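These numbers come from a predicted model, not from an experiment.
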Amino acid sequence: MSEHEPVTGPSSTAAAASHPLQATHPLALAPVAGPASTVDGFVRQFLRNLNYERGVPLSAASANDRYFAFAMTVRDYLMARWLEDLRRQRVAQVKGVCYLSAEYLLGRQLDNNLLASGLTSIATTAMAECGIDIEDLRAAEVEPGLGNGGLGRLAACFIDSLATMGVPNIGYGIRYEYGIFRQTFQDGQQIEQPDSWLTMGSPWEFPHPEAAQPVSFGGYTEHYDDEGTERSRWIPAWNVLAIPYNYMVPGYQNGRVNTLRLWSAEATNRFDLRVFNAGDYAEAVRSQTFAENISKVLYPEDSTPQGKELRLQQQYFFVAASIKDFFDHQLAPDFDLANLPDRVIFQLNDTHPVIGVPEFMRVLLDEKKLDWDEAWAITQQCFAYTCHTLLPEALEVWSVDLLGRLLPRHLEIIYRINDEFLDAVRERFGDDEMRLRNMSIISEFPERSVRMAFLATVAGAKVNGVAELHSQLLRDKVLPDFNEFYPGKFTNVTNGITPRRFIRLANPGLSDLITEAIGTGWLTDLERLRELEASAEDPLFREAFASVKAANKRHLNDVLLVRDGFTVSDGHMLDVMVKRLHEYKRQMLKVLHIVTQYESIISGRVAASDIQPRTFIFGAKAAPGYAMAKRIIHLINAVGSVVNDDPRVEGRLKVLFPPNYNVTLAERLIPAADLSEQISLAGKEASGTGNMKFALNGALTIGTDDGANVEIRRLVGDDNFFLFGMSEPEVEALWARGYKPADFYQGDESLRRAIDLIASGAFSGGDKSVFEPIVSNLLYDDRFMVLADYSTYIAAQEKVDAAYADQDAWTHAAILNVARSGFFSSDRSMRDYIDRIWHAQPLR
């Protein structure tokens with residue numbers, strides 16, 4: 001067959017008509033598993049997509065054409081399964097999970113979908129027969145800009161696990177046009193640029209403009225008589241359209257495909273021809289620009305009133321569209337609403353979607369005409385809330401003025417929820433004014449506001465934290481009055497990660513080694529990794545494990561060399577700290593360790609040859625308006641520039657900060673890491689998931705007893721974990737005594753030398769003013785107690801050096817980390833959610 005000729009094949013109409021499902025449901029398609037599951041069939045389908053979907057022959061196809069045609073071929077294989085799953089869920093009307101999340105940090109989709117469909121080997125061979133290297137196709141894929149950090153990656157892991165477990169699920173979110181931002185560095189400082197991930201389109205999304213949902217804002221409410229019943233209705237001032245884009249979420253080689261539905265905002269009247277013809281071109285598209293701002297970027301800067309309003313618009317936009325979509329398209333037409341708790345659970349992933357609670361009530365009250373008590377009883381069983389923070393500033397509040405202006409009916413509903421809730425509190429505890437103020441959904445100071453975490457707690461059937469320590473602190477310190485009022489409502493579900501992406505795809509060498517040792521099946525039963533413990537005692541297995549780690553380092557070096565011009569030095573320990581840049585995560589403590597080692601060399605107190613060679617790698621984005629976080633990024637890059645170029649260091653220390661850290665880079669960096677930095681102040685990190693990824697890929701952890709570190713340390717053993725720092729009770733006790741960071745500075749010579757070196761301008765060309773705000777913050781504020789934990793951190797790092805010197809013992813400990821971390825599978829997390837919160841079951 002000439003590559004210039006279109007591929008021909010059996011009529012898709014005829015094929016569909018011959019399939020038995022076609023007679024029973026109009027959406028059913030003929031399965032494409034037959035032709036695509038052979039090399040010849042895959043080649044034919046690929047060329048067909050290239051010819052008929054992209055409109056080019058192979059000889060004229062661009063890299064993007066080839067990638068699209070290839071992705072479409074993989075997509076075609078999953079389509080029939082997806083549509084059949086949708087049909088079965090509509091017919092069965094079994095309980096499903098609607099996961100409401102502002103973020104889904106998906107990562108690249110191609111390899112994940114190849115793995116899930118079992119097509120990797122066939123597709124690789126098929127492309128080779130077409131003269132195409134599959135690696136070139138992988139390189140053409142752009143990672144979706146739909147998330148920022150752990151919250152979004154967790155959501156992606158969870159929907160992967162639900163599909164793998166066969167549990168009906170729809171993930172709902174926003175299709176951000178530009179995502180968070182693309183990070184670049186200019187003179188070491190973070191610069192935010194648009195993340196234009198959709199420039200070349202995406203083959204994985206299915207737009208459905210015909211299923212657009214109107215979402216309203218503003219206006220006023222009015223009361224009216226409805227055949228003797230007094231009701232309210234909302235008269236909005238304006239609205240936008242929410243356009244759904246569907247993504248397939250395939251389970252791991254089980255034939256199941258769930259759905260991720262993301263909403264994009266468009267104006268209801270996008271273009272005014274009359275105004276355009278009058279010559280006012282900007283005004284003609286003003287409504288379009290205004291509406292599309294809603295889904296433009298993830299977490300718009302909210303330091304201005306306009307930014308705050310846009311964030312609330314975003315949150316209401318996606319939950320309103322999602323709830324309406326559920327009622328209009330997921331429920332049977334004759335469904336009895338009294339049975340809704342047996343049909344759905346809406347999981348609120350943090351406070352961003354909590355405005356969905358009054359929206360759900362509004363639909364039941366104003367559109368479905370239920371009375372208040374019945375609607376509220378249903379709502380309290382149809383929502384559950386996951387809290388992802390312990391920081392008070394991260395628990396969202398919205399001013400009453402803003403809510404009343406933007407969503408007046410919802411504010412009315414919130415007021416009534418609060419009034420009835422406080423009546424119940426009075427009935428149980430009496431007129432305890434302080435308790436009532438502490439528990440009220442409406443806060444009076446510093447301005448009248450709605451506390452969204454409180455609303456979610458009152459409305460949710462369950463409230464969960466995301467690690468044992470976090471859940472305990474949530475009950476005891478963040479929401480203690482609610483825990484007392486609602487015995488049994490609070491529970492814990494420790495986070496998890498999908499082993500399909502973060503071992504099988506990210507670390508194929510380790511994956512193959514595990515399979516050789518314990519057989520197949522562990523990718524969906526990760527606790528089986530325990531069987532590796534015996535292999536840790538086998539010298540040949542340790543040698544093979546060390547070889548995999550070395551190969552991963554070489555692969556990372558190749559990636560960073562092409563991506564950023566960086567090299568990873570041979571023989572170096574790879575010491576990695578990758579996470580969102582926030583003061584509580586304490587990247588600053590890591591910087592002080594590096595500066596301490598550098599200062600000891602240049603002062604002559606330690607010979608460079610006596611330093612354990614290390615490459616320190618950072619990956620982090622700072623929120624655009626977070627000035628201190630951006631200063632710390634600048635300092636990390638400045639320290640790196642000086643250390644890396646100083647001949648006195650003799651190449652023993654290297655600091656790398658590749659910009660724009662994302663899932664794609666994580667999949668290369670995590671398998672190569674030796675040491676995982678999890679060093680937040682105890683009591684501040686909710687859980688973490690990076691710590692789990694590193695442990696499962698054979699990195700040892702240096703960390704505080706915070707978040708899921710507590711569980712990691714307990715599982716892997718104290719001998720295989722480098723613990724330092726104060727415990728959460730010790731942190732609280734120090735605060736109570738009166739923490740004075742300057743005392744720690746004066747009392748520790750190494751700390752004083754490190755801070756003085758930064759203050760001297762050594763990393764800023766002699767200009768002492770550049771990093772003076774950081775130094776002052778450490779000495780006179782230090783909210784997250786970097787200086788208090790410095791000495792134990794340095795001591796723990798000395799233990800790391802000593803341990804790494806014995807490579808065989810280090811490898812033994814790394815293998816035990818892998819073997820004992822199976823608990824941290826997102827499949828286990830989903831089972832916990834199902835057992836403790838959702839009570840949903842796989843669709844058989």
*Asks:* Please test Thr386 against Asn464 for side-chain hydrogen bond (donor to acceptor under 3.5 Å, both in side chains), starting from the C-alpha separation and ending with a verdict.
*Replies:* CA-CA 5 Å; Thr386 300; Asn464 74 280; 2.8 Å; yes
*Asks:* Would the Tyr247 and Tyr104 ring centres measure less than 6.0 Å apart?
*Replies:*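 Aromatic pair excluded; centres sit 6.0 Å or further apart.
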*Asks:* Would you check if there is a donor-acceptor pair between the side chains of Tyr99 and Asn169 at a distance under 3.5 Å?
*Replies:* no
*Asks:* Quick one: are Asn64 and Tyr67 in side-chain contact, heavy atoms under 4.5 Å?
*Replies:*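 A side-chain contact exists here, since the closest heavy-atom pair is under 4.5 Å.
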*Asks:* Measuring centre to centre across the rings, with the benzene-like ring taken for any Trp, is His352 within less than 6.0 Å of Phe318?
*Replies:*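 Centroid separation for His352 and Phe318: 6.0 Å or greater.
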*Asks:* Are the charged groups of Arg828 and Asp832 less than 4.0 angstrom apart, N to O?
*Replies:*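 A salt bridge is present here (some side-chain N lies under 4.0 Å from a carboxylate O).
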*Asks:* Asn697 and Lys549: side-chain donor and acceptor closer than 3.5 Å?
*Replies:* no
*Asks:* Any side-chain heavy-atom pair from Trp522 and Ile503 closer than 4.5 angstrom?
*Replies:*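 They are in side-chain contact.
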*Asks:* Assess whether salt bridge (charged side-chain N to carboxylate O under 4.0 Å, His left out) is satisfied between Glu205 and Arg175, documenting all intermediate values.
*Replies:* CA-CA 10 Å; Glu205 62 181 21; Arg175 179 183 178 266; 2.9 Å; yes
*Asks:* Do Leu665 and Val578 touch side chain to side chain, with heavy atoms closer than 4.5 Å?
*Replies:*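 Leu665 vs Val578: side chains apart.
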*Asks:* Run the numbers on Val142 and Thr199 for side chain to side chain contact (heavy atoms under 4.5 Å, CB included), then give the verdict.
*Replies:* CA-CA 10 Å; Val142 178; Thr199 298; over 6 Å; no
*Asks:* Using 0.5 Å steps for rounding, measure from the CD atom of Glu103 to the CG atom of Asn148.
*Replies:*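 Spacing of CD (Glu103) from CG (Asn148) equals 5.5 Å.
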*Asks:* Can you find a side-chain donor-acceptor pair between Glu677 and Tyr793 that sits under 3.5 Å?
*Replies:* yes
*Asks:* Is the number of heavy atoms from other residues, nucleotides or ligands under 6.0 Å of Met200 CE greater than 12?
*Replies:*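 No, CE of Met200 has 12 or fewer neighbouring heavy atoms, counting only those of other groups under 6.0 Å.
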*Asks:* For Asp160 and Arg501: C-alpha separation, side-chain torsions, deciding distance, then whether salt bridge (charged side-chain N to carboxylate O under 4.0 Å, His left out) applies.
*Replies:* CA-CA 9 Å; Asp160 171 272; Arg501 180 175 289 274; over 6 Å; no
*Asks:* Write down the atom of Gly150, the atom of Thr689, and the distance for their closest heavy-atom approach.
*Replies:* CA-OG1, 4.3 Å
*Asks:* Are Arg668 and Leu560 close enough that some pair of their side-chain heavy atoms sits under 4.5 Å apart?
*Replies:*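 Heavy-atom side-chain distance check fails, nothing below 4.5 Å.
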*Asks:* Measuring from atom SG of Cys387 to atom CG of Asn349, what distance do you get when rounded to the nearest 0.5 angstrom?
*Replies:*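 Answer rounded to 0.5 Å: 11.0 Å.
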*Asks:* Centroid separation under 6.0 Å, is that true for the rings of Phe185 and Phe657?
*Replies:* yes
*Asks:* Side chains of Gln678 and Glu685: donor-acceptor distance under 3.5 Å anywhere?
*Replies:*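 No.
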*Asks:* Going by side chain to side chain contact (heavy atoms under 4.5 Å, CB included), Thr664 matches just one of Arg563, Glu143, Glu141. Which one?
*Replies:*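 With Thr664 as partner, Arg563, Glu143, Glu141 yield a single side chain to side chain contact (heavy atoms under 4.5 Å, CB included), made by Glu143.
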*Asks:* Does Asp575 come within less than 4.0 Å of Lys590, counting only side-chain N to carboxylate O?
*Replies:* yes
*Asks:* Under the criterion side chain to side chain contact (heavy atoms under 4.5 Å, CB included), I'd like the reasoning laid out for His634 against Phe771: C-alpha separation, chi angles, the key distance, then a yes or no.
*Replies:* CA-CA 9 Å; His634 186 195; Phe771 298 121; 3.7 Å; yes
*Asks:* Going by heavy atoms in the side chains, are Val354 and Glu396 under 4.5 Å from each other?
*Replies:*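 No, their side chains stay 4.5 Å or more apart.
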*Asks:* Which heavy atom of Ile180 sits nearest to which heavy atom of Gly147, and what is that distance?
*Replies:* CG2-O, 3.7 Å
*Asks:* Write down the atom of Pro658, the atom of Asp564, and the distance for their closest heavy-atom approach.
*Replies:*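 Closest heavy-atom pair between Pro658 and Asp564: CB-OD2, 3.4 Å.
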*Asks:* Below 4.5 Å, heavy atoms only, C-beta onward: do Phe181 and Val297 meet side chain to side chain?
*Replies:*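 No; the side chains remain at least 4.5 Å from each other.
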*Asks:* Under the criterion side-chain hydrogen bond (donor to acceptor under 3.5 Å, both in side chains), I'd like the reasoning laid out for Thr567 against Lys654: C-alpha separation, chi angles, the key distance, then a yes or no.
*Replies:* CA-CA 10 Å; Thr567 58; Lys654 180 178 282 189; 3.1 Å; yes
*Asks:* Are the side chains of Gln313 and Ser295 in contact, using a 4.5 Å heavy-atom criterion?
*Replies:*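 They are not in side-chain contact.
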*Asks:* Would you check if there is a donor-acceptor pair between the side chains of Asn246 and Thr259 at a distance under 3.5 Å?
*Replies:* no
*Asks:* Quick one: CG on Asn709 to OG on Ser680, what's the gap to the nearest 0.5 Å?
*Replies:* 6.5 Å
*Asks:* Step by step, work out the salt bridge (charged side-chain N to carboxylate O under 4.0 Å, His left out) result for Glu192 and Lys630.
*Replies:* CA-CA 11 Å; Glu192 301 91 27; Lys630 296 176 83 168; 2.8 Å; yes
*Asks:* Looking at Ile594 and Val655, what are the two nearest heavy atoms and their distance?
*Replies:* CG2-CG2, 3.9 Å
*Asks:* Does the side chain of Ile679 come within less than 4.5 Å of Met577's, by heavy atoms?
*Replies:* yes
*Asks:* Ignoring hydrogens and angles, state whether a donor on the side chain of Asp65 or Ser62 is under 3.5 Å from an acceptor on the partner side chain.
*Replies:* yes
*Asks:* Decide yes or no on side chain to side chain contact (heavy atoms under 4.5 Å, CB included) for Asn113 and Trp204, but give the supporting numbers first.
*Replies:* CA-CA 10 Å; Asn113 290 342; Trp204 304 110; 3.1 Å; yes
*Asks:* Could you tell me how the ring of Phe206 sits relative to the ring of Trp82: parallel (under 30°), tilted (30 to 60°) or perpendicular (over 60°)?
*Replies:*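 Rings of Phe206 and Trp82: tilted, as their planes differ by 30° to 60°.
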*Asks:* Give me the atom names and distance for the closest heavy-atom approach of Tyr661 to Lys621.
*Replies:*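 Nearest pair, atom of Tyr661 first, then Lys621: O-CE, 4.1 Å.
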